[in-house]
Amino acid sequence: FEMQQANWIGTASISWLSWLPDWAGTWLSIFPDAYVIGAQLVGLFLVLGSYAFSRYQAIRLPRKQGLPSYQLRTAPPESMR
C-alpha cells in the first residue's frame, strides 16, 4: 500500500471489498486492492507452508525412514551437563 501511495506501482481496486472500514487498513493493513490482498495471500501461503514443511520434517519424514519422530526434550542433552 505504501508503494501505491508513492506511485511506484499501480492500483487495482476491488469494488466488492469497499465495505471494509478504515481501521482495517490502519490496524490490519487490509485495503480493498488486488495487489495488497495478493501480497497478503502470498505471505499467508509462505507462513502456513513453512509450518507444514517443518511438521513434515519433524514427524512424517522420520516415520517414513523408520525412525522415531521428534520429541521435545525435558532435560538438557547429556553432553551439556
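- Scanning for side-chain contact (heavy atoms from CB on, under 4.5 Å) contacts around A34 gives A12, I14, with sequence neighbours left out.
- If you chain together ILVMFWY residues whose side-chain heavy atoms come under 4.5 Å of each other, L67 ends up in a group of its own.
- Under a 4.5 Å side-chain heavy-atom criterion applied to ILVMFWY residues, the cluster that includes L44 comprises L48 as well.
- Counting all heavy atoms, side chain and backbone alike, S69 lies closest to P62 at CA-CB, 4.2 Å.
- The closest side-chain heavy-atom distance from Y56 to K64 is below 4.5 Å.
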